[in-house]
There are 2 protein chains.
Amino acid sequence: MEEIDRAIVAALTADGRLSYTDLAEKVGLSVSAVHQRVRRLEQRGVIRGYAARVSFEAVDLPLSAFVAIRPFDPSQPDDAPERLAHLPEIDSCYSVAGEDFYLLLVRVASPADLERLLQEIRTAANVTTRTTVVLSTPYENRPPKINGELSARARSRAAGEAAGSTAG
Amino acid sequence: MEEIDRAIVAALTADGRLSYTDLAEKVGLSVSAVHQRVRRLEQRGVIRGYAARVSFEAVDLPLSAFVAIRPFDPSQPDDAPERLAHLPEIDSCYSVAGEDFYLLLVRVASPADLERLLQEIRTAANVTTRTTVVLSTPYENRPPKINGELSARARSRAAGEAAGSTAG
DNA sequence: ACTGAAACTCTAGGAGA
DNA sequence: TCTCCTAGAGTTTCAGT
């Protein structure tokens with residue numbers, strides 16, 4: 001992936017609804033060429049999708065928290081992410097190094113809902129929880145700075161993340 | 001905000017590039033009506049923008065980490081978020097309850113870059129850091145479940161988050 | 001606040017270099 | 001892989017209810 005693809009991805013992370021026309025102007029190519037490149041970036045899994053960013057306050061989920069989890073019994077098979085995937089309050093699930101096994105980011109409407117959620121998490125995944133409440137969010141999900149020649153290493157990683165049947 | 005607006009927001013968090021035509025079909029209104037509602041949701045700050053989701057591996061930022069920070073001198077004015085905002089490696093900044101002051105989510109290309117970033121964070125904000133490396137990400141930034149009557153409380157919260165001059 | 005219609009812009013894909 | 005081109009879809013606005 002070179003300069004123009006990076007510019008396209010950068011522009012789309014900042015504004016996911018940019019038209020191909022605007023994008024083409026930005027990167028100095030024809031509309032069709034940009035369109036083709038975006039399709040390939042999507043197919044290769046570099047672009048994984050598009051989403052509206054919402055105010056969690058506005059959709060009545062004003063309480064966020066980080067929930068670190070650890071199995072009750074560390075010898076049991078560890079499938080917490082799958083066991084928890086059905087809970088829509090869980091925004092993100094990270095497998096982490098350190099004392100905890102996973103770190104979850106959750107969004108709820110109230111402390112009472114957080115309490116209920118924690119109980120569900122503990123029983124569904126057979127884990128203990130340690131919760132850190134978010135008081136405010138100065139910024140979140142900022143667009144990444146996209147730079148650096150994209151190595152063959154990074155390209156194969158990208159391909160690996162996409163469907164296995166994409167042409168090089 | 002009532003049912004139709006919630007359906008619109010839910011649809012757009014799942015697919016930020018949905019056309020007004022598709023959206024209209026989904027919620028059972030005319031294209032114009034949906035268009036109008038989306039504009040109002042954007043103006044009120046319920047929808048804060050749109051973004052492409054990228055594979056961080058593919059854009060050569062394969063290493064994510066959580067960095068908990070705490071001031072060296074807790075009596076100093078606490079303006080860490082502003083002091084750190086210029087660092088593009090910082091994806092998100094959360095003010096948290098508990099022993100730490102802030103929790104940062106960062107994305108870098110390599111352990112060496114993480115080391116450099118931590119030094120920058122420490123000197124820029126005069127803080128100590130405690131870092132938890134992310135080993136893998138089973139899921140991230142899932143669309144929230146949007147439900148519940150949106151109360152007057154939630155509406156004023158949404159308005160407060162948007163520009164102050166929006167009509168009710 | 002929604003519908004319907006008209007003018008315009010964008011998208012999507014084929015042909016050719 | 002790019003540019004040019006064209007048909008069809010989608011967007012945007014306005015008048016009307």
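Just so we're on the same page: letters track the sequence lines, and every chain starts at 1.
What separates CZ of A/R39 from C1' of C/dT11 is a distance of 11 Å, to the nearest Å. Between B/I8 atom CD1 and C/dA1 atom C1' there is a gap of 12 Å when expressed in whole angstrom units. Taking atom CZ on B/R17 and atom C1' on C/dC10, their separation rounds to 11 Å, with Å as the unit. One interatomic measurement links the two molecules: OH of B/Y20 to C1' of C/dT3, which rounds to 18 Å at whole-angstrom precision. Residue B/L41 contributes atom CG, which lies 14 Å from atom C1' of C/dA1 at whole-angstrom precision. Between A/K26 atom NZ and C/dC10 atom C1' there is a gap of 17 Å when expressed in whole angstrom units. For the pair B/D22 CG and C/dC10 P, the computed distance is 19 Å after rounding to whole Å.
No side-chain donor-acceptor contact under 3.5 Å links A/R142 to the backbone of B/C93. Between the side chain of B/R37 and the backbone N or O of B/I4, no donor-acceptor pair lies under 3.5 Å. B/S92 places a side-chain N or O within 3.5 Å of a backbone atom of A/N141 that can act as its donor or acceptor partner. Under a 3.5 Å cut-off, the side chain of A/R53 and the backbone N or O of B/G49 do not form any donor-acceptor pair.
Read 5' to 3', the first and last nucleotides of DNA chain D with an atom closer than 4.0 Å to a heavy atom of chain A are D/dT1 to D/dC5.
Legend: ring pair (Phe, Tyr, Trp, His ring centres under 6.0 Å) pairs involving residues 103-146 of chain A, not counting sequence neighbours: none detected.
Positionally, the nearest nucleotide of DNA chain D for A/V34 lies more toward the 5' end than for the other of A/V34 and B/T21. Both A/L18 and A/Q36 lie near DNA chain C, and the one whose nearest nucleotide falls closer to the 5' end is A/L18. If B/S30 and A/S32 are placed on DNA chain C by their nearest nucleotide, the residue sitting closer to the 5' end is B/S30.
Within 6.0 Å of atom CD in B/E25, 12 or fewer heavy atoms from other residues, nucleotides or ligands are found, so the atom counts as exposed in its surroundings.
Side chain of B/L29, nearest nucleotide from C/dA12, C/dC2, C/dC10: C/dC2.
Among residues two or more places apart in sequence or in another chain, the ring-ring contact (aromatic ring centres under 6.0 Å, His included) test is passed with B/F66 by A/F66, A/Y94.
Checking the phosphate oxygens (OP1, OP2) of C/dT11, no side-chain nitrogen or oxygen of A/H35 falls inside 4.0 Å.
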